[in-house]
Novice: 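The structure follows.
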Amino acid sequence: MASVPISEDSRFGLRRQARLTTPLNLSSGARLGPVDIAYETYGAMNTDKSNVILICHALTGDQYVASDHPVTGKPGWWWRLVGAGKPVDPARHFIICSNVIGSCMGSSGPASIDPATGDPHAMRFPVLTIADMVRAQAALLDHLGVERLSAVIGGSMGGMQALTWPTLFPDRVESCIVIASTARHSAQNIAFHEVGRQAIMADPHWRGGDYYADGQVPSAGLAVARMAAHITYLSEAGLTEKFGRRLQGRDTKTFGFDADFQVESYLRHQGLSFVDRFDANSYLYITRAMDYYDIADDHGGSLAKAFTASKARFCLVSFDTDWLYPTTESRIIVHALNASGAQASFVELSSPFGHDAFLLECPELNRVVDGFLKGGRA
């Protein structure tokens with residue numbers, strides 16, 4: 001099918017930003033406007049715009065799904081799934097990935113400037129929900145002239161957004177792929193997030209969130225928050241295989257509190273590298289949005305009821321070593337989809353990498369996504 005020429009349309013391409021002037025009505029009752037959304041697009045739309053795929057990113061992700069990150073220089077975070085010859089291919093699909101509102105890579109968030117004051121919003125930014133992020137994405141699609149999605153795909157928090165799409169906009173989604181995710185945040189997940197938030201707020205440089213003016217950011221607290229969260233992304237078997245109890249750069253213990261073990265050094269590196277690319281206040285806001293996430297609660301306590309208006313096909317994928325969003329969470333969603341009459345397929349994949357498996361080398365995941373997008377069952 002012929003494609004729409006978009007090379008001269010400034011809305012399309014890499015490193016784009018849209019300012020949406022219509023205020024966004026938030027779940028809290030607040031209104032946010034204007035709304036900036038940073039995004040990237042890959043490929044071209046068919047003449048009937050039937051090949052559009054929306055990719056939703058996870059907690060610390062961004063719009064650079066298949067292009068080099070401007071801060072780290074690393075390849076796009078889902079280059080294994082998105083790109084030439086991959087299941088989500090710009091030769092076949094028009095791909096959109098936007099930075100969620102509340103984040104810090106160009107979309108409206110606590111670090112962005114409040115036009116009313118000329119200063120960063122900081123903690124005066126309104127508290128968000130996953131549904132608010134999806135509403136902002138829908139507004140971006142309106143701006144891009146996209147009425148309907150061939151598919152919406154996401155893993156982890158991206159899976160939460162993907163699953164929310166057909167509940168809020170049932171007529172705009174043809175298919176939905178939810179990977180390593182859940183329909184609501186558990187008490188354990190909330191607990192881990194609270195540890196991270198308290199680490200940030202206990203940092204003396206946090207100062208109630210007003211740290212932008214002098215550049216003295218709460219990097220120590222944010223690094224600890226990242227370290228704690230990163231443990232949940234891994235599996236015990238994976239940690240043991242990768243690190244065990246091996247010492248870091250020494251033959252004997254120091255009998256001190258340096259990073260004696262390789263796993264300690266690894267976590268410290270993860271924490272320190274994270275603070276170079278992420279905002280502490282954004283971490284507070286996004287983790288809070290995830291904690292508030294509960295699709296059933298938004299539909300009278302019935303998860304099945306949330307999907308009754310949708311005609312979309314669904315594909316659920318979990319990993320056997322993921323203890324953050326274990327397979328039981330995906331099964332709950334599948335049972336609800338079956339009860340609502342939706343067409344749903346489900347597969348549990350085996351991987352030693354825990355929750356992070358959806359971002360790492362997993363040929364089986366590529367096969368499942370490729371098959372589903374081509375119309376087959378996973």
Novice: Which residue, Lys253, Arg246, Arg245, Arg250, forms the salt bridge (Lys or Arg N to Asp or Glu O under 4.0 Å) with Asp260?
Specialist: Arg250
Novice: Do the ring planes of Phe125 and His121 sit parallel (below 30°), tilted (30 to 60°) or perpendicular (above 60°)?
Specialist: perpendicular
Novice: Verify the distance criterion only: is there a donor paired with an acceptor across the side chains of Thr41 and Arg16 at less than 3.5 Å?
Specialist: no
Novice: Examine the side chains of Thr254 and Asp258 and answer whether a donor and an acceptor come within less than 3.5 Å of each other.
Specialist: no
Novice: Would you indicate whether the side-chain heavy atoms of Leu81 and Pro87 approach each other to under 4.5 Å?
Specialist: yes
Novice: For a 4.5 angstrom cut-off between non-hydrogen side-chain atoms, does Val100 reach His57?
Specialist: yes
Novice: So, do Phe314 and Phe307 have ring centers that fall under 6.0 Å from each other?
Specialist: yes
Novice: Do NZ/NE/NH1/NH2 and the carboxylate oxygens of Asp89 and Arg92 come within less than 4.0 Å?
Specialist: yes
Novice: Taking all non-hydrogen atoms of both residues, which atom of Cys97 and which atom of Asp62 are closest, and how far apart?
Specialist: SG-O, 3.6 Å
Novice: May I ask you to decide if the ring planes of Tyr266 and His230 are parallel, tilted or perpendicular, using 30° and 60° as cut-offs?
Specialist: tilted
Novice: Looking at Ile55, Val173, Ile177, which hits side-chain contact (heavy atoms from CB on, under 4.5 Å) with Val152?
Specialist: Val173
Novice: So for atom CD, which belongs to Gln216, do other residues, nucleotides or ligands contribute more than 12 heavy atoms lying within a distance under 6.0 Å?
Specialist: yes
Novice: State, yes or no, whether a side-chain contact exists between Ser28 and Val127 at a heavy-atom distance under 4.5 Å.
Specialist: no
Novice: Quick check: closest heavy atoms across Thr182 and Tyr293, and the distance to 0.1 Å?
Specialist: O-OH, 2.9 Å
Novice: Under a 4.0 Å N-O cut-off, is there an ion pair linking Glu147 with Lys49?
Specialist: no
Novice: What's the shortest heavy-atom distance between Ile95 and Pro90, and which atoms?
Specialist: CD1-N, 3.8 Å
Novice: What's in the same ILVMFWY side-chain cluster as Phe257, cut-off under 4.5 Å, chained through other members?
Specialist: none
Novice: For a quick check under 3.5 Å, do Tyr292 and Asp297 share a side-chain donor-acceptor pair by atom type?
Specialist: no
Novice: How about Glu194: does its CD atom have over 12 heavy atoms from other parts shown lying under 6.0 Å from it?
Specialist: yes
Novice: Compare all side-chain heavy atoms of Asp294 with those of His185 and state whether any distance is below 4.5 angstrom.
Specialist: no
Novice: For Tyr64, what residues pass the ring pair (Phe, Tyr, Trp, His ring centres under 6.0 Å) criterion, not counting sequence neighbours?
Specialist: His69
Novice: Do the side chain of Ser156 and the main chain of Ser181 share a donor and acceptor less than 3.5 angstrom apart?
Specialist: no
Novice: Ignoring hydrogens and angles, state whether a donor on the side chain of Gln63 or Ser98 is under 3.5 Å from an acceptor on the partner side chain.
Specialist: no
Novice: Could you label the plane-to-plane angle of the Tyr39 and His143 rings as parallel, tilted or perpendicular, counting under 30° as parallel and over 60° as perpendicular?
Specialist: perpendicular
Novice: Which word best sums up how the rings of Tyr283 and His193 line up, parallel for under 30°, tilted for 30 to 60°, or perpendicular for over 60°?
Specialist: perpendicular
Novice: Nearest 0.5 Å, what's the OH-OG1 distance between Tyr285 and Thr129?
Specialist: 13.5 Å
Novice: Please indicate whether Lys305 has more than 12 foreign heavy atoms, meaning atoms of other residues, nucleotides or ligands, lying under 6.0 Å from its NZ.
Specialist: no
Novice: Apply side-chain contact (heavy atoms from CB on, under 4.5 Å) to Val217 and Val275, showing your working.
Specialist: CA-CA 9 Å; Val217 302; Val275 302; over 6 Å; no
Novice: May I ask you to check whether Phe94 and Phe12 place their ring centres under 6.0 Å from each other?
Specialist: yes
Novice: Can Gln137 and Trp165 be counted as having a side-chain donor-acceptor contact under 3.5 angstrom?
Specialist: yes
Novice: Quick one: do the Tyr211 and Asp279 side chains pair a donor with an acceptor below 3.5 Å?
Specialist: yes
Novice: When hydrophobic residues are tied together by side-chain contacts of less than 4.5 Å, even through go-betweens, does Met227 share a cluster with Leu272?
Specialist: no
Novice: Do the numbers put Arg313 on top of the ring of Phe372, so that NZ or CZ is under 6.0 Å from the six-membered ring centre and no more than 45° off the axis?
Specialist: yes
Novice: For a quick test of reading the model, state the closest non-hydrogen atom pair linking Gly154 to Ala162 and the distance between them.
Specialist: N-CB, 4.0 Å
Novice: Taking the basic N atoms (NZ, or NE/NH1/NH2) and the acidic carboxylate oxygens, is any pair closer than 4.0 Å for Arg184 and Asp291?
Specialist: no
Novice: Quick one: do the Tyr233 and Asp322 side chains pair a donor with an acceptor below 3.5 Å?
Specialist: no
Novice: Determine whether more than 12 heavy atoms belonging to other residues, nucleotides or ligands lie under 6.0 Å from atom CD of Glu241.
Specialist: no
Novice: Does any part of the side chain of Val195, heavy atoms only, come nearer than 4.5 Å to the side chain of Phe192, both counted from C-beta?
Specialist: no
Novice: How far apart are the closest heavy atoms of Gln248 and Ala259, and which atoms are they?
Specialist: CB-O, 3.7 Å
Novice: For Asp320 and Ser350, work out which heavy atoms get closest and say how close.
Specialist: OD2-OG, 3.0 Å
Novice: Look at atom CZ of Arg331 and say whether more than 12 heavy atoms of other residues, nucleotides or ligands are closer to it than 6.0 Å.
Specialist: no
Novice: Considering only residues two or more places apart or on different chains, which pairs with a residue in residues 126-142 satisfy salt bridge (Lys or Arg N to Asp or Glu O under 4.0 Å)?
Specialist: Asp132-Arg135, Asp142-Arg172
Novice: Do the two ring centres, one from Tyr325 and one from His355, sit under 6.0 Å apart?
Specialist: yes
